Amino acid sequence: MDEKYFAKKVEAKWQQKWAAARAFEAVIDLSRPKFYQLEMLPYPSGNLHMGHVRNYSVGDAVAWYKRLKGFNVLHPIGWDSFGQPAEDAAIKRGVNPRDWTEENIVAMRGQLERLGISYDWSRQMAAHRPEYYKFDQWFFLKMYELGLAYKKKTQVNWCEHDQATLSNEQASGGLCWRCGNPVTKKDLEQWFFKTTAFADRLLDDMAEIEAGWPASVIKRQRDWIGRSEGAFVDFKITTGESIRVFTTRIDTIFGVNAVVVAAEHPLIREHDAEFSQEVRDAIEAIRLEKLVPADRETEAEKNGVDTTLKAINPFSGEELPVWVGNYVMMEYGTGAVMSVPGHDERDFEFARKFGLPVPRVIESQRRGESEPENAGDEISSAFTEYGVLVNSGEWSGKESNEAKRQMTAFAAANEFGEAATTYRLRDWGVSRQRFWGSPIPMIYCDSCGVVPEKYENLPVELPANAPLTGTGESPLAKVPEFYETRCPNCDEPARRETDTMDTFVDSSWYFFRYTDPHNQTMPFDPEIAAYWTPVDQYIGGDDHAVMHLIYTRFWTKIMMQLGLVDFDEPVKRLLTQGMVVGETFFDESSGKKIYFQPAEVKVERDAKGKIISARSTTGAELKHAIERMSKSKGNGVDPDEMIDIYGADAARLFVLFAAPVENELVWHEAGIEGAARFLQRVWRFVWKWKAVLSEQTLGSPGSNSRATANARKLRTKTHQTIKRVDDNLDSLQFNTPVAALMELSNAIYDIKVEPADASADEIFAVREAVTALVLMLVPFAPHTAEELFANIVGNENGILANNGRFPEFLEEYATADEIEIPVQINGKLRSRVFAAPDADRQTLETLALGDAKVREHTDGKAVVKVVVVPGRLVNIVVRG
RNA sequence: GCUGGGGUGGCGGAAUUGGUAGACGCCCGGGACUUAAAAUCCCGUGUUCUUAGGAGCGUGCGGGUUCGAUUCCCGCCCUCAGCACCA
């Protein structure tokens with residue numbers, strides 16, 4: 001141990017020792033409880049960014065904490081290595097995607113190792129390697145057999161920028177998840193996974209995980225699945241057939257003024273010949289609207305056209321016009337709605353625009369609010385609440401809920417409708433017209449049709465090369481050696497599917513593979529997986545709240561159906577960490593933001609450190625803001641550089657300390673300096689007390705002597721800290737336990753005794769405090785903690801080999817001899833008295849009333865009441 | 001627009017869930033050590049007034065409950081995020 005702390009040296013040393021000892025390789029051990037700690041696997045872009053550092057630092061803190069608590073921990077990592085960036089790099093730079101990916105993996109693994117994250121590298125997986133994607137294909141075949149994989153031609157989400165299709169989840173918000181550009185629609189034939197078959201389970205099983213997942217993620221998934229209970233109702237049209245609509249408000253059906261259908265509705269195509277050219281053109285215009293990326297700022301104006309077809313309201317017998325409306329979506333419900341302008345805002349807007357009648361059929365039950373407007377009064381808005389039916393034939397006077405039930409039953413009995421549940425969730429479109437993905441193992445045969453590849457022929461390997469153009473056609477379709485094959489059924493020449501699978505397929509089950517990463521015949525051995533899974537703690541960004549996390553839940557339900565697992569939720573506890581952001585400086589006088597690198601900015605601060613002004617070196621006045629990190633904005637931070645300057649432990653400690661995990665983390669270099677300073681401080685007192693620390697063995701029974709006040713105080717602080725840190729880590733808080741450790745470190749400094757002059761009690765107290773502090777430091781700064789620990793125990797075998805455990809909390813030492821009791825007068829703090837922690841009411845009251853400062857405030861006044869909260873405070877209520 | 005989260009010093013944030021608001025850290029100021037600087041250590045640091053002992057104000061705003069409210073209730077304002085014609 002050097003007198004001064006050299007982070008680089010210590011970190012390199014322990015990284016080497018860990019690797020040599022295979023310290024983090026997980027082995028099944030039935031004698032201990034298991035703990036599966038998982039972080040979302042990275043895409044191998046080639047560079048770790050601070051978001052990764054945060055994610056893995058948090059995960060490692062949990063992994064170490066659990067190890068110290070006696071758990072058998074599995075902490076693996078791998079690579080989400082299929083996907084578009086490799087292909088883009090190939091197109092731009094002419095490299096081979098496979099080489100590019102492998103090189104990036106090597107580079108990033110090096111970075112992770114320099115960070116000292118305690119991964120079991122023997123279990124590393126990479127999605128692009130045939131031994132892994134073989135089982136993507138295996139699952140695909142299983143899904144096909146179960147009828148859960150199917151092909152259909154449909155309008156898919158299309159990103160013009162990426163030249164690729166997107167699932168609904170990936171196109172959420174109308175923007176491409178990868179590049180952020182607006183999404184359009186395109187007609188394509190695609191493979192789908194039937195996620196909708198599990199809509200109810202995905203929704204209902206959330207009850208199992210609700211307690212361990214962030215409420216926001218649960219909510220977003222609920223909204224995304226969007227279960228909606230209502231009814232189908234058939235409106236006969238005068239030409240004979242009928243239009244089926246979905247409604248959640250069948251109670252408003254007497255208020256229908258029209259049936260409105262989507263432009264793509266089959267009925268429109270069928271009756272095309274009957275429409276005037278004018279109507280036909282208008283419908284076509286509405287259909288084309290959707291192919292243009294939507295402007296997210298402004299809601300599209302209602303638009304529509306009367307088809308001149310007529311429909312009959314099955315309840316009232318009224319004849320209604322059939323319109324095409326731009327606000328009706330073919331993909332939801334039946335692609336047709338009954339328009340009730342009196343009680344639906346969209347229908348109201350539509351009716352107003354086209355001058356359609358607005359009947360009222362529901363009145364509010366609340367008194368005074370619903371006096372029906374006088375005939376002729378203009379209705380100013382839709383009344384969307386439940387109420388009492390009016391002008392609704394035999395149902396008039398009934399309450400909405402009651403009416404819904406009866407009217408649905410009536411429709412069913414008369415065979416023009418039925419109760420129905422619809423979902424917003426759609427099936428998962430998994431075909432990608434891309435090279436760098438897992439090939440879909442299906443074959444097209446002229447005589448046999450669609451034939452699945454045989455299991456024994458898996459993996460269907462990607463060719464070494466393919467012409468990559470990024471134009472939206474599958475590159476594999478240009479590689480005859482790939483697609484030319486024979487039919488597994490009849491052995492005649494046949495053609496392979498040339499689309500590849502969505503990369504989200506890989507990440508849907510990768511963490512099961514970690515449990516049995518070298519299995520050649522199965523994705524994993526169910527028995528081995530049964531020991532490690534489900535995941536106990538999963539950590540990642542909340543940008544995957546809907547996409548990855550809904551797919552992996554879906555996948556688990558399928559695995560359950562296949563008998564691979566015996567649970568239906570893969571992740572017990574989920575933690576979503578906030579983004580890492582940094583300060584940017586920019587000039588927007590030209591109307592566009594021009595960012596400046598930190599070196600080009602001069603900042604002037606006031607006495608308190610607040611920025612008064614910022615100028616560029618060229619003299620321009622700059623604005624500043626906190627924004628997502630990126631090189632081009634000048635606020636990016638290179639993890640390697642930080643490790644180089646301050647050390648991995650300081651970087652990790654800062655990232656954990658600077659903000660609660662779920663919050664945004666504002667990167668300030670001064671902060672990491674503070675973290676490094678703290679580690680130096682700890683190092684210094686271990687050095688100072690080294691001689692007396694190492695002459696004792698770890699874990700010797702505590703001396704009960706608490707003779708000197710110094711020693712007593714420190715022991716109290718030590719045990720209070722142990723409790724705090726344990727509780728905090730257990731509830732996934734990382735900033736507060738670091739603060740607690742800093743306090744303990746300050747308390748060790750406060751003892752102000754030189755080792756040579758210290759009493760036996762003081763030495764004991766310091767040893768206890770230092771040992772506890774070092775062990776509790778492990779989750780935050782493992783290298784430093786290992787080195788310090790080695791100096792305490794006198795060997796370099798490492799904490800795990802020494803069976804190091806989280807320090808034991810001893811309640812008897814956690815209570816101070818004397819505590820400070822605030823004394824309030826009329827709720828205002830006026831004085832403090834000292835008393836034993838268990839002093840009773842009477843003692844405290846007497847003590848408080850006798851206090852000199854209290855007397856000044858109570859003299860000449862009547863004490864009305866004395867509130868005593870033992871161990872907390874005294875409040876004296878006076879009058880006069 | 002709907003839904004959810006959140007407003008605490010110059011900054012990031014604490015506060016045992018109704019009991020000393022501002023822990024811990026950053027920034028900033030002062031001092032010690034040093035030829036000097038860095039590093040380190042010590043002190044100060046919500047705000048206003050002050051006879052230097054304190055006193056007033058203070059957790060987005062306005063009310064309420066309570067001996068006591070950052071915490072509970074009612075009504076506003078602001079902000080971030082998600083969804084956005086889901087019938």
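Since the model is a prediction, treat every value here as computed from it, not as a measurement. Per chain, numbering begins at 1; letters A, B, ... match sequence-line order.
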Novice: U40(B) base to Gln680(A) side chain: any donor-acceptor pair below 3.5 Å?
Specialist: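 Side chain to base: no pair below 3.5 Å.
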Novice: Which part of the nucleic acid, if any, lies within contact of Gly226(A), taking any heavy atom under 4.0 Å across all strands shown: a base, the sugar-phosphate backbone alone, or nothing?
Specialist: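 Nothing: the residue Gly226(A), judged by heavy atoms under 4.0 Å, touches no strand.
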Novice: Between A14(B), A87(B), A21(B), spot the one nearest the side chain of Pro660(A), thanks.
Specialist: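 Side chain of Pro660(A) sits closest to A14(B).
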Novice: For G22(B), does the glycosidic angle fall within 90° of 0 (syn) or outside that (anti)?
Specialist: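 For G22(B), whose glycosidic angle is more than 90° from 0, the conformation is anti.
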Novice: May I ask you to say what Asn746(A) touches in the nucleic acid, namely base, sugar-phosphate or nothing, with a heavy-atom cut-off under 4.0 Å?
Specialist: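 Counting heavy atoms under 4.0 Å across all strands, the contact made by Asn746(A) is with sugar-phosphate only.
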Novice: For atom P, what is the distance between U47(B) and U59(B), given to the nearest Å?
Specialist: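 Going atom to atom, P in each nucleotide, I get 15 Å.
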Novice: In whole angstrom, give me the gap between the C1' atoms of G19(B) and A84(B).
Specialist: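 Each nucleotide's C1' atom is 45 Å from the other's.
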Novice: Which label fits Tyr749(A) and Phe685(A): parallel for a plane angle under 30°, tilted from 30 to 60°, or perpendicular past 60°?
Specialist: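 Tyr749(A) vs Phe685(A) ring planes: perpendicular.
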Novice: Using the P atom as the point on both nucleotides, what is the distance between C57(B) and G62(B), in whole Å?
Specialist: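 Pairwise P distance, G62(B) against C57(B), rounds to 14 Å.
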Novice: Determine whether a donor-acceptor pair (one donor, one acceptor, N or O, separation below 3.5 Å) exists between the side chain of Arg830(A) and the base of U20(B).
Specialist: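 A donor-acceptor contact between them is absent.
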Novice: Could you check which of A87(B), C24(B), C67(B) has an atom nearest any side-chain atom of Val877(A)?
Specialist: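 Given the options A87(B), C24(B), C67(B), the side chain of Val877(A) is closest to C67(B).
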Novice: Side chain of Glu743(A) only, please: which of C42(B), C85(B), A23(B) is the nearest?
Specialist: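 Between C42(B), C85(B), A23(B), the one nearest the side chain of Glu743(A) would be A23(B).
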Novice: Which one, G25(B), C85(B), A14(B), comes nearest to the side chain of Thr736(A)?
Specialist: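 Nearest to the side chain of Thr736(A) among the choices is A14(B).
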Novice: From the set G19(B), G56(B), C67(B), return the single nucleotide nearest to any side-chain atom of Leu873(A).
Specialist: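 Output: G19(B).
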Novice: Is any side-chain N of the basic residue among Asp200(A) and Arg227(A) closer than 4.0 Å to the acidic one's carboxylate O?
Specialist: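 Yes.
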Novice: May I ask you to evaluate whether Arg677(A) reaches the phosphate of C27(B), defined as a side-chain N or O under 4.0 Å from OP1 or OP2?
Specialist: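 Yes, within the criterion.
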Novice: Does Glu301(A) come within less than 4.0 Å of Lys353(A), counting only side-chain N to carboxylate O?
Specialist: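 Between Lys353(A) and Glu301(A) there is a salt bridge, with a charged N closer than 4.0 Å to a carboxylate O.
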Novice: Would you check if the distance from the ring center of Phe654(A) to the ring center of Trp667(A) is below 6.0 Å?
Specialist: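 When the ring centroids of Phe654(A) and Trp667(A) are compared, they turn out to be within the sub-6.0 Å range.
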Novice: For C2(B), give its Watson-Crick or G-U wobble partner with both distances under 3.5 Å, or none.
Specialist: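 C2(B) is paired, partner G82(B).
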Novice: Would you measure the distance from the P atom in G9(B) across to the matching atom in U70(B) and give it in whole Å?
Specialist: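 Per the computed distance, 14 Å lies between those P atoms.
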Novice: Does C67(B) have OP1 or OP2 under 4.0 Å away from a side-chain N or O of Lys865(A)?
Specialist: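 For C67(B), OP1/OP2 do have a side-chain N/O of Lys865(A) under 4.0 Å.
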